[in-house]
Amino acid sequence: MAEQGKDNFRNTIGTLNEEGKRAWVFPKMPVGKFYEYRKIVSYFLLAILFAAPFIKINGHQFLMFNVLERRFNIFGLPFWPQDFYIFVIMMITGVVFVILFTVAFGRLFCGWVCPQTIFMEMVFRRIEYWIDGDRGKQIRLSKMPWNREKIVKRSLKWTVFFIISFLIANVFLAYLIGSDRLIRYIIDGPAQHASTLVSLIIFTGIFYFVFAWFREQVCIIVCPYGRLQGALLDNKSIVVAYDHKRGEKKEGRAKFKKNEDRQATGKGDCIDCFQCVHVCPTGIDIRNGTQLECINCTACIDACDSIMEAVDLPKGLIRYTSEENIEKKAPFTFTPRLKGYTIVLGILTAVLIGMLFLRNDVEADILRLPGQLYERKADNIISNVYTYKLVNKTNNEIANVRLRLLSHPGIITVVGHETFNVPPGGMAEGTLFIELDASALSGDKDKVVIGVFAGEDQIETTRSAFLGPRSFN
């Protein structure tokens with residue numbers, strides 16, 4: 001690892017050595033109050049992540065993102081391509097929320113909620129501690145020649161990592177294609193679904209690569225959020241920060257000496273033990289200030305607090321605080337910048353809620369059959385042929401559906417049946433004819449309004465074009 005505590009941290013990342021090669025990070029296992037809180041949050045979120053695709057609400061998967069078929073279930077509510085505008089507003093609202101959260105509390109999401117951090121630190125890293133041991137043992141094992149002990153430990157660890165990656169890939173696939181289909185594929189056997197098996201193996205390989213080798217590089221190199229926070233943070237943002245005023249004082253850091261009065265000597269409270277560096281999962285020294293690599297995981301807070309307690313100094317040398325608080329002891333304030341983001345977020349949230357409440361239970365599309373002109377029939381009747389598609393966005397079947405003309409006197413004839421049913425979360429489609437008297441037309445291309453009725457209740461209205469002759473009087 002590159003030497004920390006010097007100016008080189010501005011020019012290189014902590015996971016590169018002096019030759020520019022990857023310096024493997026061997027973080028010490030965190031122990032402390034915040035780590036216990038993170039474990040509770042992480043395992044709760046993992047339980048939701050693994051259970052969500054298998055939870056059903058009125059027969060619909062709780063969460064599903066079937067991109068291939070463009071079908072989405074969010075909290076048990078089915079969304080279709082026709083609802084894409086709602087999905088866009090939802091995504092914009094989420095982005096603004098992340099921006100607001102980052103401006104106020106920094107990269108807290110990364111350390112506490114991000115799936116990459118949760119899997120890496122609370123699953124794969126803990127397995128590594130169990131098999132390889134803590135930091136010192138891992139370093140020795142890495143330098144050890146390939147003897148029996150190293151082969152056994154590496155084989156066991158990599159096998160467990162692959163199995164977990166395979167399980168994650170299955171859950172990921174359940175979100176994409178649906179849990180019912182995934183279970184059916186498993187029961188049928190891989191031979192009958194070779195293409196799905198190939199996809200599953202690819203996903204497994206990606207997850208294994210990320211968690212077994214790429215690791216913290218995802219947060220440092222790949223994830224754009226680390227760069228985004230640089231543009232969003234200011235000296236009022238609450239982040240994991242080192243209190244350099246207290247830690248350095250006049251004489252700077254110094255090793256701890258028993259029975260020494262550090263206040264009298266002018267030495268800072270930081271005893272230069274490097275525990276905050278050893279425990280960091282991205283290999284940085286938090287004492288250098290806020291850095292791109294910091295994911296606000298609080299491991300350095302727990303490590304520093306334990307050392308401060310051991311040397312009988314006040315805790316909180318590293319803590320959640322702002323640079324302004326360290327410099328001026330200023331409390332957190334709701335700045336005009338935060339107020340602006342909050343107002344924008346409130347407006348977007350109100351628009352999203354309004355769209356969800358105004359969202360129709362049925363989406364009707366009635367379009368003229370491409371390439372077909374009108375047909376003139378007896379008694380001056382003009383006929384057009386259409387295709388219809390009705391999407392049921394509810395969890396209940398819509399029965400006895402019929403179509404009626406609302407704008408013109410005329411007849412709608414649905415091919416095959418007079419009324420039909422639309423299954424829950426499904427759709428009905430087919431062909432229909434609209435017949436109008438030529439005298440009712442105002443031109444060669446009229447707009448007809450069609451009502452969709454369930455029994456006697458009108459549930460949707462749609463419009464379509466009706467072609468007629470240029471001269472018909």
Side-chain angles (χ1 to χ4, degrees), residues 70-72 77-89 350-473:
R70 295 177 297 172
R71 295 185 60 182
F72 305 89
L77 296 174
F79 287 84
W80 293 76
Q82 293 86 349
D83 298 315
F84 185 71
Y85 64 97
I86 298 179
F87 197 74
V88 170
I89 294 296
V351 170
L352 177 61
I353 292 173
M355 285 182 171
L356 289 174
F357 275 106
L358 294 174
R359 174 175 176 258
N360 292 331
D361 290 340
V362 175
E363 187 81 29
D365 288 319
I366 298 178
L367 303 172
R368 290 190 68 258
L369 196 64
Q372 294 291 320
L373 297 176
Y374 65 88
E375 180 184 357
R376 185 187 292 272
K377 293 189 173 182
D379 299 324
N380 209 26
I381 297 298
I382 306 298
S383 175
N384 280 205
V385 61
Y386 297 82
T387 60
Y388 69 87
K389 180 185 292 185
L390 270 65
V391 178
N392 182 1
K393 300 177 183 177
T394 71
N395 298 319
N396 303 309
E397 182 181 58
I398 301 176
N400 298 320
V401 177
R402 67 180 70 236
L403 305 174
R404 296 178 186 171
L405 275 171
L406 302 179
S407 58
H408 297 72
I411 299 172
I412 292 182
T413 304
V414 178
V415 176
H417 36 68
E418 183 178 349
T419 64
F420 53 91
N421 300 338
V422 187
M427 65 180 178
E429 53 188 339
T431 305
L432 61 85
F433 291 91
I434 297 180
E435 296 180 354
L436 302 179
D437 193 297
S439 62
L441 299 176
S442 58
D444 60 343
K445 193 173 184 180
D446 277 25
K447 286 289 183 183
V448 290
V449 181
I450 303 160
V452 181
F453 290 80
E456 296 302 318
D457 299 326
Q458 184 175 346
I459 57 176
E460 175 63 314
T461 302
T462 186
R463 290 170 171 78
S464 192
F466 188 92
L467 294 185
R470 292 182 182 276
S471 177
F472 43 82
N473 290 326

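We number each residue from 1, following the sequence as shown.
- Heavy atoms only, all atoms of each residue included: Ser464 and Tyr386 are closest at OG-CE2, 3.3 Å.
- Between Ile86 atom CD1 and Ile89 atom CD1 the span is 9.5 Å, to the nearest 0.5 Å.
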Using the rule given for side-chain contact (heavy atoms from CB on, under 4.5 Å), can you reason through Ile398 versus Leu390, listing the C-alpha separation, both sets of side-chain angles and the distance that settles it, and then say yes or no?
CA-CA 10 Å; Ile398 301 176; Leu390 270 65; over 6 Å; no
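- Other residues, nucleotides and ligands contribute over 12 non-hydrogen atoms within 6.0 Å of the CZ atom of Arg359.
- In terms of heavy-atom proximity, Tyr388 sits nearest to Thr431 at CE2-N, 3.5 Å.
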*What's the verdict on side-chain contact (heavy atoms from CB on, under 4.5 Å) for Ile450 and Leu405, showing C-alpha distance, side-chain angles and the deciding distance?*
CA-CA 5 Å; Ile450 303 160; Leu405 275 171; 4.2 Å; yes
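- Heavy-atom minimum distance, Ala364 versus Thr462: O-OG1, 3.4 Å.
- Considering every non-hydrogen atom in both Lys377 and Ser383, the closest pair reads CE-CB, 4.0 Å.
- Few gaps surround CD1 on Ile381; more than 12 heavy atoms of other groups in view lie less than 6.0 Å from it.
- Counting only distance, with no hydrogens or angles, the side chain of Asn384 and the backbone of Leu467 share a donor-acceptor pair below 3.5 Å.
- Atom CG of Asp83 is separated from atom CG of Asn360 by 9.5 Å, given to the nearest 0.5 angstrom.
- Within the 4.5 Å cutoff, no side-chain heavy atoms of Val362 are placed close to those of Val422.
- Nearest heavy-atom pair across Gly451 and Gln458 is CA-NE2, 4.3 Å.
- In summary, Glu460 and Lys389 do not engage in a salt bridge, as defined by a charged side-chain N under 4.0 Å from a carboxylate O.
- At least one donor-acceptor pair closer than 3.5 Å links the side chain of Asn421 to the backbone N or O of Asn400.
- Rounded to the nearest 0.5 angstrom, Phe466 CZ and Ile434 CD1 are separated by 7.0 Å.
- Of all the heavy atoms in Asp437 and Asp379, the pair that sits closest is OD2-O, 4.1 Å.
- Using a 4.5 Å heavy-atom cutoff, the side chains of Glu418 and Val414 are not in contact.
- From Phe420, atom CZ reaches atom CZ of Arg402 across 10.0 Å, with rounding to the nearest 0.5 Å.
- Residue Tyr85 qualifies as enclosed at atom OH: its count of foreign heavy atoms under 6.0 Å is above 12.
- For the atom pair Glu363 CD and Asn392 CG, the distance stands at 11.5 Å (nearest 0.5 Å).
- The side-chain heavy atoms of Ile382 and Arg376, taken from C-beta on, include a pair separated by under 4.5 Å.
- Put simply, CD1 on Ile412 and CG on Leu436 are 9.0 Å apart, with the number rounded to the nearest 0.5 Å.
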How far apart are the C-alpha atoms of Leu403 and Ile366, what are their side-chain angles, what is the distance that settles it, and do they pass the side-chain contact (heavy atoms from CB on, under 4.5 Å) test?
CA-CA 11 Å; Leu403 305 174; Ile366 298 178; 4.3 Å; yes
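- Aromatic ring centres of Phe72 and Phe87 lie closer together than 6.0 Å.
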